2 protein chains.
Amino acid sequence: MTDAFNIHAFRNVVRAAEADLYRELFRQHKNRIKVKKESVAVRNLARIFEAALALGNEKGFSAMSMRDLGARSGLSMGALYTYFTGKDALLDMIQQSSLNIIARIINDQVKENHPAPKKLSRAILAHLYLSEIMHPWFFFAFMEAKNLNKNARQKAIEIELCIENIFADIITAGQQAGVFRKVKSDLAAAMIKALLQDWYLKKWKYESRHVGVETYAGLITGMVESYLLISTET
Amino acid sequence: MTDAFNIHAFRNVVRAAEADLYRELFRQHKNRIKVKKESVAVRNLARIFEAALALGNEKGFSAMSMRDLGARSGLSMGALYTYFTGKDALLDMIQQSSLNIIARIINDQVKENHPAPKKLSRAILAHLYLSEIMHPWFFFAFMEAKNLNKNARQKAIEIELCIENIFADIITAGQQAGVFRKVKSDLAAAMIKALLQDWYLKKWKYESRHVGVETYAGLITGMVESYLLISTET
DNA sequence: GTCTATATCTGGATAGAC
DNA sequence: GTCTATCCAGATATAGAC
C-alpha cells in the first residue's frame with residue numbers, strides 16, 4: 001500500500017513479492033521436495049524459474065529440453081528433479097505462481113479510494129509497470145496458457161477475468177458518479193486490457209520506436225479518457 | 001475490389017484466396033514435391049495445413065508430433081514427407097502462406113478512395129472480418145512467430161508493420177484533411193492493431209459474452225473515433 | 001544435496017513394398 | 001502416390017556414487 005506510482009518505487013514492491021513467492025513455493029511443496037534447507041531450496045527455485053522463463057520465452061516451453069534448463073540454471077539434471085516431479089509439473093508451478101503474484105500485486109494497488117478517473121489511470125499504470133518489471137512472467141503466462149491441463153487453464157481464465165473486473169468496477173463506479181459515459185463497462189474493460197497486453201506482447205515494437213512505459217501509459221490513458229469522460233465543454 | 005463489407009460477402013473473397021493459395025504453393029514447390037498431379041497435391045496440401053493449424057493451435061506446433069499430423073490429416077507419415085522436407089519447413093511454409101494471404105487481402109480492401117474516417121472504419125472492419133474467417137491462420141501466425149528462423153521472423157515483423165502502416169497512413173491523411181486530431185499516427189495505429197488483435201487472441205472471451213464481430217467492430221470504431229475525431233460541437 | 005552415467009522412450013525421418 | 005516398418009537422435013527420468 002505504499003504510494004508507489006513511479007516505476008522505481010514499484011520495483012521494490014515487486015522484488016519483495018518475488019522473494020516471498022519462492023519461499024511460499026518451497027513451503028507448499030515441502031513434503032515432496034527432497035532438499036530440506038530453505039535457503040538452498042529458495043535460491044535454486046529462483047534459478048530454475050528464471051532459466052525456465054527465459055528459455056520458454058525464447059523458443060517455447062515444449063521446445064526447451066531439460067538439458068537446456070540444467071545448463072542455463074547451473075544445476076544438473078538430477079538436481080532439477082529434486083524440485084519438481086517432471087516437466088509438466090514445472091509448467092504448472094510456473095503458471096500458478098505467475099497468476100498468484102500478478103493478481104496479488106494488482107489487487108494491492110487498487111485498494112485506495114480516489115475518484116473514478118484517477119483510480120482508473122492508477123490501475124492502468126500499476127498494470128503497465130508490473131508487466132514491465134515482470135515481463136518474462138507476463139509473456140510466459142500468456143504464451144503458454146493453452147498448453148496447461150484443464151484445471152490450470154480454468155484458473156488462468158478466472159484470473160484474467162478477475163483483473164478485467166477490477167477495471168470494469170472502476171468504470172461502473174464512474175458511471176454511477178456521473179463522470180463516465182454509459183458504455184458497457186465489461187467491454188470497455190476488455191479493450192483496456194487489450195491495450196495493456198500489447199505492451200508486453202510487442203515489447204520489441206515499442207522499444208524500437210523508443211516509446212517508454214510512461215509514454216505508453218499516457219497514450220492509453222488519453223485514449224480511454226477521451227472515450228469514457230463526459231465532455232465538459234471547456 | 002468487390003464491395004464486400006458485410007462478412008458474408010467477404011467470406012467468398014477469402015474462400016477464393018485460400019484455393020489460390022494451395023495452387024500457388026504447389027507450383028512454387030513443384031520441383032521438390034514428388035506428387036505430380038496438381039489436383040491431388042492441392043487437396044492434400046489443404047488437408048495438411050488445416051490439420052497442422054488445428055493441432056498447432058490446440059497444443060502448440062512443437063508439441064504436435066508428425067504422427068498426430070498424419071492421423072488428423074488422414075495421411076501416413078510417409079505421405080506427409082512428400083509434401084515438405086521436414087517439420088521446420090512445414091512451419092515456414094505455413095507462416096509464409098498466412099502472411100501472404102493476409103497482406104494481400106487487406107491491401108485489396110483499402111484501395112478505394114473515401115474520406116479518412118470512413119476509410120479507417122472500413123480498414124478496421126476488413127481486418128476484423130478477415131481475422132474472424134481465417135481465425136486459425138491469424139492465431140497461429142501470432143503464437144508461433146517466435147519459433148521461426150531469423151529470416152522468416154524478419155518477414156513476419158515486416159508484414160506486421162506493413163499492416164500497421166495502412167492504418168497510420170489513413171490517420172495521417174485524416175490529419176492533413178483536418179478531420180483528425182494531431183496525435184502520433186504510428187502509435188494510434190499500434191493501438192488500433194492491439195484492439196484488432198484481441199479479437200482473435202481472446203476469441204473465447206467474446207464468444208462467452210455473446211459479442212459478435214459486428215458489435216466488436218462498433219466498439220473499436222467508437223473508441224477510435226472518440227479519440228481521433230475533432231469534436232464538432234453539435 | 002548434487003553430480004554423472006544410464007535406462008527407457010518418444011518422435012522425426014527414411015527405405016522399400018505395394 | 002501412399003503405406004508400413006524401421007532407424008536413430010535426442011528427450012525425459014532415475015539410480016547410485018560422492
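Residue numbering restarts at 1 for every chain, and letters A, B, ... go by the order of the sequence lines. Quick caveat, the model's predicted, so the values are computed rather than measured.
- Residues from residues 26-50 of chain A lying near DNA chain C, meaning a heavy-atom separation below 4.0 Å, are A/Val35, A/Lys36, A/Lys37, A/Val40, A/Asn44 in numerical order.
- Nucleotide D/dA11 holds its P atom 18 Å from the CG atom of A/Leu91, rounded to whole Å.
- To the nearest angstrom, P of C/dA13 lies 18 Å from OH of B/Tyr83.
- Geometric assessment of A/Lys203 against the ring of A/Phe138 yields a negative cation-pi assignment under the 6.0 Å and 45° thresholds.
- Classified by interplanar angle (parallel below 30°, tilted 30° to 60°, perpendicular above 60°), the ring pair A/Phe49/A/Tyr22 is perpendicular.
- Between the B/Asp198 side chain and the A/Ala194 main chain, no donor and acceptor come within less than 3.5 Å of each other.
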Report the C-alpha distance between A/Ser73 and A/Leu80 in whole Å, list the side-chain angles of each, state the deciding distance to 0.1 Å, and finish with yes or no for side-chain contact (heavy atoms from CB on, under 4.5 Å). CA-CA 9 Å; A/Ser73 66; A/Leu80 290 179; 4.0 Å; yes

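- Using a 30° and 60° split on the angle between ring planes, B/Phe61 and B/Phe140 fall in the perpendicular class, above 60°.
- In this structure, B/Leu75 places its CG atom 13 Å from P of D/dG1, rounding to the nearest Å.
- Atoms CG (B/Leu90) and P (C/dG12) sit 11 Å apart, rounded to a whole Å.
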Between the protein and nucleotides 12-14 of chain D, which nitrogen or oxygen pairs are less than 3.5 angstrom apart?
unit_1: D/dT12; atom_1: OP1; unit_2: A/Met66; atom_2: N; d: 3.3
unit_1: D/dT12; atom_1: OP2; unit_2: A/Met66; atom_2: N; d: 2.7
unit_1: D/dA13; atom_1: OP2; unit_2: A/Tyr81; atom_2: OH; d: 2.8
unit_1: D/dA13; atom_1: OP2; unit_2: A/Lys87; atom_2: N; d: 3.1

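- Using a 4.0 Å cut-off between a side-chain N of Lys or Arg and a carboxylate O of Asp or Glu, A/Glu50 and A/Arg72 do not qualify as a salt bridge.
- Between A/Arg209 and B/Glu164 a salt bridge is recorded (basic side-chain N to carboxylate O distance below 4.0 Å).
- Salt bridge absent: A/Lys30 and A/Glu38 never bring a charged side-chain N and a carboxylate O closer than 4.0 Å.
- The nearest whole Å value for the distance from the NZ atom in A/Lys59 to the C1' atom in D/dA11 is 12 Å.
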